[in-house]
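A quick write-up on the structure given underneath.
The figures that follow rest on heavy atoms only: side chains count, while hydrogens, waters and symmetry mates do not. Numbering of ligands and ligand atoms starts at 1, following listing order. Residue numbers count from 1 along this sequence.
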Amino acid sequence: LSQLFRPLDLLGMVYRTIRQGVIDMGAMFDLVDTAAEVVDAPGAQPLHVTAGHLRFENVRFGYDPGRDILKGIDLDVPPGATVAVVGPSGAGKSTLARLLYRFYDLTGGRLTIDGQDIAEVTQASLRAAIGIVPQDTVLFNDTIGYNIAYGREGATEAEIEAAARGAAIAGFIEHQPERYATRVGERGLKLSGGEKQRVAIARTLLKNPPILILDEATSALDSRTEAEIMATLEAIERGRTTIIIAHRLSTVVHADKIVVLEAGQIVEQGSHAQLLARNGLYAEMWARQAKEREEALAAE
Ligand code: ATP
């Protein structure tokens with residue numbers, strides 16, 4: 001019987017953690033898997049982000065012993081740069097992002113932010129410095145204003161509205177009967193995938209983190225919504241170090257650097273133009289997706 005209760009205990013713990021506002025909503029992604037795995041090092045100090053320089057140094061990781069998912073990743077993300085990680089399904093793209101947020105500890109190598117090893121700083125300070133726009137945004141059964149305000153405790157109404165404007169969702173909210181007091185979720189207004197993602201962007205704008213992880217939704221948005229969201233995302237990337245986990249290559253053409261991951265290793269990296277000229281895996285993926293885009297456009 002105790003087997004039966006354990007998941008409920010864990011859910012209760014997750015719920016209380018969220019209520020206390022201890023963690024960012026981004027931490028929802030895979031939280032249940034990782035709730036108790038990572039602990040602060042003895043005497044851990046807060047992270048001080050000065051420029052936002054990320055370095056993966058020979059990073060190795062596997063979820064299960066004996067099966068490496070990341071096999072020695074070396075990646076330098078200069079302050080303020082946007083780096084996109086692309087590659088086949090299962091290559092380890094999301095895993096890379098989870099390690100930066102320290103959902104798990106590395107099995108080898110180092111991951112530093114402005115020279116500080118993320119395993120040696122407090123988790124709270126690390127997570128305060130990183131904003132995640134996840135694939136699927138979880139909304140609370142509460143008002144849309146509350147759902148945005150979740151990005152930062154104590155945000156004022158004016159700040160919430162500014163964040164909504166920045167995320168291009170203010171117009172939508174202002175057309176609702178009760179504006180920011182309109183309830184969303186199961187018994188309230190249902191938001192589309194694109195609208196939910198804008199709520200996540202608004203939350204992130206309120207949090208105003210120097211480092212950003214964008215985990216692109218796998219489910220295809222229609223091409224107009226995609227173009228609108230892209231413009232909004234490019235706006236919030238400015239001035240922050242950004243890692244985009246991308247499924248659609250059309251969304252990463254603007255990145256400063258594109259990293260192609262295959263079976264846990266970086267097999268190519270460069271700008272969009274450089275990678276096309278290489279005629280390797282990226283060029284092949286690009287050609288395939290371009291064809292799919294044309295077919296989708298013809299069907300719309
Ligand atoms: P996709 O494009 O499909 O999202 P990805 O490149 O982001 O894939 P990851 O999600 O990082 O890939 O997964 C890499 C590998 O790690 C996969 O083989 C996956 O099965 C495995 N994996 C992911 N999460 C876990 C977990 N919590 N426990 C065990 N294995 C996992």
Side-chain angles (χ1 to χ4, degrees), residues 6-7 10-11 13-14 23 26-39 54 56 58-75 77 82-109 111 118 123 127 130 132-138 193 196-197 200 212-221 226 229 233 242-253 255 257-269 275 280-290 292-293 296:
R6 210 165 295 147
L10 184 59
L11 267 181
M13 197 272 280
V14 168
I23 52 154
M28 286 292 291
F29 103 153
D30 263 8
L31 182 65
V32 175
D33 266 350
T34 56
E37 293 201 11
V38 169
V39 291
L54 314 184
F56 291 73
N58 196 20
V59 165
R60 295 180 168 274
F61 176 74
Y63 294 94
D64 306 305
R67 184 174 167 237
D68 274 358
I69 300 294
L70 295 178
K71 302 167 183 163
I73 301 292
D74 285 303
L75 176 61
V77 187
T82 293
V83 168
V85 183
V86 305
S89 180
K93 304 182 292 292
S94 301
T95 303
L96 207 65
R98 289 180 200 135
L99 295 181
L100 181 62
Y101 209 71
R102 205 175 163 217
F103 279 126
Y104 304 91
D105 281 318
L106 312 183
T107 46
L111 218 169
I118 65 160
Q123 290 171 71
R127 291 173 185 178
I130 301 175
I132 300 182
V133 179
Q135 288 201 10
D136 295 303
T137 301
V138 183
K196 279 200 230 168
Q197 205 167 20
L212 199 59
I213 298 172
L214 307 179
D215 197 0
E216 183 189 76
T218 17
S219 55
L221 303 167
E226 181 181 315
I229 295 230
L233 287 176
T242 305
I243 293 192
I244 309 181
I245 309 298
H247 295 96
R248 287 184 303 278
L249 303 186
S250 56
T251 62
V252 304
V253 173
K257 179 157 75 179
I258 300 167
V259 168
V260 185
L261 205 63
E262 188 181 32
Q265 283 174 312
I266 294 178
V267 291
E268 293 175 9
Q269 57 180 302
L275 289 175
L281 181 56
Y282 182 87
E284 191 187 301
M285 288 169 64
W286 177 261
R288 194 171 55 232
Q289 291 195 7
E292 285 167 9
R293 264 201 312 282

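- When the side chain to side chain donor-acceptor pair (under 3.5 Å) test is applied to Thr107, no partner is found at least two apart in sequence or on another chain.
- Nearest to atom 11 (O) of ligand 1 by heavy atom, out of Leu99, Leu96, Thr95, Leu261, is Thr95.
- Assignment of Phe61 to the shell around ligand 1 is not supported, since no heavy atom sits closer than 4.0 Å.
- Between Leu70 and Phe56, every side-chain heavy-atom pair lies at or beyond the 4.5 Å cut-off.
- Between Asp64 and ligand 1, no pair of N/O atoms sits closer than 3.5 Å.
- Applying the salt bridge (charged side-chain N to carboxylate O under 4.0 Å, His left out) definition to pairs two or more places apart or across chains, those involving residues 63-73 are Arg60-Asp68.
- For atom 4 (O) of ligand 1, the nearest non-hydrogen atom from the set His247, Glu262, Lys93, Arg98 comes from His247.
- Taking every non-hydrogen atom of Ile69 and a distance limit under 4.0 Å, the qualifying atoms of ligand 1 come out as 14 (C), 15 (C), 16 (O).
- No side-chain heavy atom of Val38 sits less than 4.5 Å from a side-chain heavy atom of Phe103.
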Please step through side-chain contact (heavy atoms from CB on, under 4.5 Å) for the pair Asp74 and Ile266, ending with a clear verdict.
CA-CA 8 Å; Asp74 285 303; Ile266 294 178; 5.9 Å; no
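- When heavy-atom distances to ligand 1 are checked against a 4.0 Å cut-off, Tyr104 comes that close only through its side chain, counted from C-beta outward.
- Considering backbone and side-chain atoms alike, Ala91 places an N or O below 3.5 Å from some N or O of ligand 1.
- Taking only nitrogen or oxygen atoms, main chain and side chain alike, Ile245 does not reach within less than 3.5 Å of ligand 1.
- The closest side-chain heavy-atom distance from Arg102 to Leu111 is not below 4.5 Å.
- Defined by atom type and a distance below 3.5 Å, a donor-acceptor pair is present between the side-chain atoms of Thr95 and Tyr63.
- Under the 4.0 angstrom criterion for non-hydrogen atoms, Gly90 is in contact with ligand 1.
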